[in-house]
Amino acid sequence: MILTDQQILAEIERGNIVIEPFERNCLGTNSYDVHLGRYLATYKDSVLDARKHNEISTFEIPEEGFVLEPGVLYLGVTEEYTESHAHVPFLEGKSSVGRLGIDIHATAGKGDIGFCNTWTLEISVSMPVRVYYGMPVGQLIYFAVQGDVQTFYNRKANAKYNDRTDKPVESMMWKNSF
Ligand SMILES: O=c1ccn([C@H]2C[C@H](O)[C@@H](COP(=O)(O)OP(=O)(O)OP(=O)(O)O)O2)c(=O)[nH]1
């Protein structure tokens, strides 16, 4: 079950959902619109290695915006810091963003119960497109779950993406042993 606008508001009141900053007009019928944060990043190496720590260069989106180019993987970040303590948050694109040829994640934008952070966006584009800090970029939807949780993401010893930041975070796949 996906939470409605009223339920999202009620869960914010209860402290189960945190969205900072929160603007009432960003709340849709059953989703909340999130915005592109100030920073983008690209990988330093042109060939990535799934076993290694691939480093990124982070830069600020200038006032006049920044043109994203096809063939480059950009990491972005939501302006919003979020917490979800009882529901599974999903980050989805927005139709208006998709219609500009912008993908905001490379795999399922699933979050975990207990995830407390900004969201890293894995951005790719079909054609050159200028993007701006603060533009609506995606939407969060919240799923109710069945059953109790044994290990919340923020209490998991090996959670990779829970250290609070306002910048995109590179793949931490290198922390997996394989
Ligand atoms: O596009 C996304 C999708 C998820 N997340 C956040 C929310 C999620 O709770 C966390 C971890 O995601 P996932 O569990 O898919 O990553 P993992 O590679 O399995 O990392 P971990 O081992 O820490 O679970 O990253 C993002 O920031 N961006």
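Numbers here simply count residues along the sequence, with the first being 1. Not measured: the values here are computed from a predicted model. Both ligands and their constituent atoms are indexed starting at 1 by order of listing. Below, all heavy atoms of this structure are taken into account, side chains as well, without hydrogens, waters or symmetry copies.
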Point to revise | Any side-chain heavy-atom pair of Tyr43 and Ser171 under 4.5 Å | key: yes

Practice item. Measure the distances from the heavy atoms of Met172 to every atom of ligand 1 and state whether one is below 4.0 angstrom. Key: no

Study note, to complete from the structure: Nearest non-hydrogen protein atom to atom 23 (O) of ligand 1, with distance, is Tyr153 OH, 2.6 Å

Point to revise | Close N or O approach (Thr118, ligand 1; < 3.5 Å) | key: no

Review point. Less than 4.0 Å between atom 1 (O) of ligand 1 and some protein heavy atom, yes or no?
Key: yes

Check your understanding: Looking only at protein heavy atoms, which one is nearest to atom 4 (C) of ligand 1, and how far off is it?
Key -> Lys110 O, 3.3 Å

Check your understanding: How close does the nearest protein non-hydrogen atom get to atom 28 (N) of ligand 1, and which residue and atom is it?
Key -> Thr120 O, 2.8 Å

Practice item. Say whether Trp119, considering both its backbone and side-chain N or O atoms, lies within less than 3.5 Å of an N or O atom on ligand 1. Key: no

Exercise for review: List the atom of His85, the atom of Phe152, and the distance in Å for their closest heavy-atom pair.
Suggested key: O-CE2, 3.3 Å

Exercise for review: Please verify whether a non-hydrogen atom of Lys156 lies at under 4.0 Å from ligand 1.
Suggested key: yes

Check your understanding: atom 8 (C) of ligand 1: which protein heavy atom is closest, and how many Å away?
Key -> Asp112 OD2, 3.3 Å

Point to revise | Heteroatom distance test (Tyr161, ligand 1): nitrogen or oxygen, under 3.5 angstrom | key: no

Practice item. Decide if atom CG of Asp49 counts as having more than 12 heavy atoms of other residues, nucleotides or ligands within a radius under 6.0 Å. Key: yes

Review point. Nearest protein heavy atom to atom 22 (O) of ligand 1, by residue and atom, and its distance?
Key: Lys160 NZ, 2.7 Å

Review point. Phe115 heavy atoms, cut-off 4.0 Å: which ligand 1 atoms fall inside?
Key: 6 (C), 7 (C), 8 (C), 9 (O), 10 (C), 25 (O)

